[in-house]
Amino acid sequence: MENRINISKVDPKAYEAMIGLEKYLAQSGLDKMLYELIKTRASQINGCAYCINMHTRDAVKLGETSQRLFLLNAWRETELFTEKERAVLALTEAMTLITNGHVPDDVYKNAEAYLTPNELAAVIMAVVAINGWNRIAITARMPLD
């Protein structure tokens, strides 16, 4: 597959805007393991090999199990994920697939029940961030490292 634009080299200021969002998330208090689940699940939905590769490795480094990562795309069919994780994964999917009927009230309310307002804000911004990164990586055809 042919490589395309490298935005970080062509226009570093454009890339810095995305890094700013990552800096916010790093300081938001959002659980790092939960963030890796968000990033991996959204990347699976979007078909972003670059991000799936990166974030599954990052999750393993944080202590995530291979079993949970292997079954992440079927999380509804297992008991491996906590209720909070399930609420966040449902919100991640609804936001990532937003053209499929927007974010249903029950999905939002369930996430709201398990998250503090600050956590909910961070989760929403985390989903926004990874969907942006996915679109950059897929469009630019970023190679696996």
Side-chain angles (χ1 to χ4, degrees), residues 1-76 78 80-82 84-105 107-112 114-145:
M1 195 175 324
E2 182 181 322
N3 289 344
R4 294 179 177 174
I5 191 168
N6 183 329
I7 294 173
S8 67
K9 287 184 180 175
V10 172
D11 191 351
K13 289 188 180 195
Y15 223 66
E16 286 173 23
M18 291 295 293
I19 298 299
L21 186 50
E22 290 295 335
K23 287 179 182 177
Y24 154 75
L25 290 164
Q27 306 221 350
S28 71
L30 181 61
D31 178 84
K32 290 179 184 353
M33 189 74 78
L34 190 59
Y35 190 25
E36 293 305 328
L37 291 176
I38 292 167
K39 292 188 279 191
T40 302
R41 184 64 193 120
S43 298
Q44 288 173 332
I45 293 167
N46 290 322
C48 184
Y50 180 87
C51 293
I52 294 167
N53 188 52
M54 175 191 297
H55 298 301
T56 55
R57 286 189 308 191
D58 290 348
V60 168
K61 287 178 189 173
L62 289 173
E64 185 57 84
T65 68
S66 296
Q67 183 184 31
R68 280 173 34 111
L69 290 172
F70 294 150
L71 294 170
L72 183 57
N73 67 337
W75 62 268
R76 285 181 178 84
T78 76
L80 296 175
F81 299 92
T82 67
K84 180 177 182 176
E85 290 169 335
R86 296 168 76 77
V88 168
L89 290 169
L91 183 59
T92 298
E93 289 181 358
M95 288 180 64
T96 301
L97 298 167
I98 203 150
T99 60
N100 292 353
H102 297 169
V103 176
D105 288 339
V107 170
Y108 181 84
K109 287 178 183 176
N110 193 43
E112 193 175 42
Y114 287 99
L115 301 166
T116 67
N118 286 346
E119 286 176 315
L120 182 58
V123 165
I124 290 169
M125 295 311 294
V127 176
V128 168
I130 191 55
N131 274 282
W133 286 120
N134 287 168
R135 281 147 180 79
I136 291 167
I138 291 167
T139 302
R141 292 188 177 157
M142 293 175 67
L144 298 179
D145 58 350

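In this chain, residues are counted from 1 in sequence order.
The heavy-atom pair separating E93 from W75 by the smallest distance is OE2-NE1, 2.6 Å. Nearest heavy atoms, P104 versus A94: CD-CB, 4.0 Å. Of all non-hydrogen atoms in P143 and Y50, the two that sit nearest each other are O-CD1, 3.1 Å. Minimum heavy-atom separation, G63 to M33: C-CE, 3.7 Å. Taking each heavy atom of I5 and A140 in turn, the nearest pair found is O-CB, 3.2 Å. Contact between N131 and A42 at its shortest, heavy atoms only, is ND2-CB, 4.2 Å.
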### Task
Check step by step if side-chain contact (heavy atoms from CB on, under 4.5 Å) holds for I7 and I136.
CA-CA 8 Å; I7 294 173; I136 291 167; 4.1 Å; yes
### Message
Run N73 and R41 through side-chain contact (heavy atoms from CB on, under 4.5 Å) and show every step you take.
### Response
CA-CA 7 Å; N73 67 337; R41 184 64 193 120; 3.6 Å; yes
### Task
Give the intermediate values and the outcome of side-chain contact (heavy atoms from CB on, under 4.5 Å) for residues R86 and L89.
CA-CA 5 Å; R86 296 168 76 77; L89 290 169; 5.6 Å; no
#### Entry: side-chain contact (heavy atoms from CB on, under 4.5 Å) assessment of R68 paired with E85
CA-CA 12 Å; R68 280 173 34 111; E85 290 169 335; 2.8 Å; yes
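L69 contributes atom CG, which lies 12.5 Å from atom CZ of R57 (distance to the nearest 0.5 angstrom). Atom CE in M95 sits 11.5 Å away from atom CD1 in I45 (nearest 0.5 Å). Between atom OG1 of residue T56 and atom NZ of residue K61 there is a gap of 10.0 Å, rounded to the nearest 0.5 Å. With rounding to the nearest 0.5 Å, the separation of NZ in K32 from CG in L62 is 8.0 Å. The distance from atom OG1 of T139 to atom CG of N134, rounded to the nearest 0.5 Å, is 10.0 Å. Here the CG atom belonging to L115 is positioned 8.0 Å from the CG atom belonging to L91, to the nearest 0.5 angstrom.
Here the side chain of N53 pairs no donor or acceptor atom with the backbone of A49 at under 3.5 angstrom. With hydrogens and angles disregarded, a donor-acceptor distance shorter than 3.5 Å links the side chain of S28 to the backbone of L25.
In this structure, M142 and M54 have side chains that are not in contact, with every pair of non-hydrogen atoms separated by 4.5 Å or more. Looking at E64 and L37, their side chains come closer than 4.5 Å, going by heavy atoms from C-beta outward.
Under the side chain to side chain contact (heavy atoms under 4.5 Å, CB included) test applied with I130, the options H55, E36, R135 reduce to a single match, H55.
Salt-bridge annotation for K109 and E112: absent, with no side-chain N of the basic residue lying under 4.0 Å from a carboxylate O of the acidic one. Using a 4.0 Å cut-off between a side-chain N of Lys or Arg and a carboxylate O of Asp or Glu, K84 and D31 do not qualify as a salt bridge.
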Got a list of side-chain donor-acceptor pairs under 3.5 Å for residues 14-24, not counting sequence neighbours?
unit_1, atom_1, unit_2, atom_2, d
E22, OE1, Y35, OH, 3.0
E22, OE2, Y35, OH, 2.9
E22, OE2, W133, NE1, 2.8

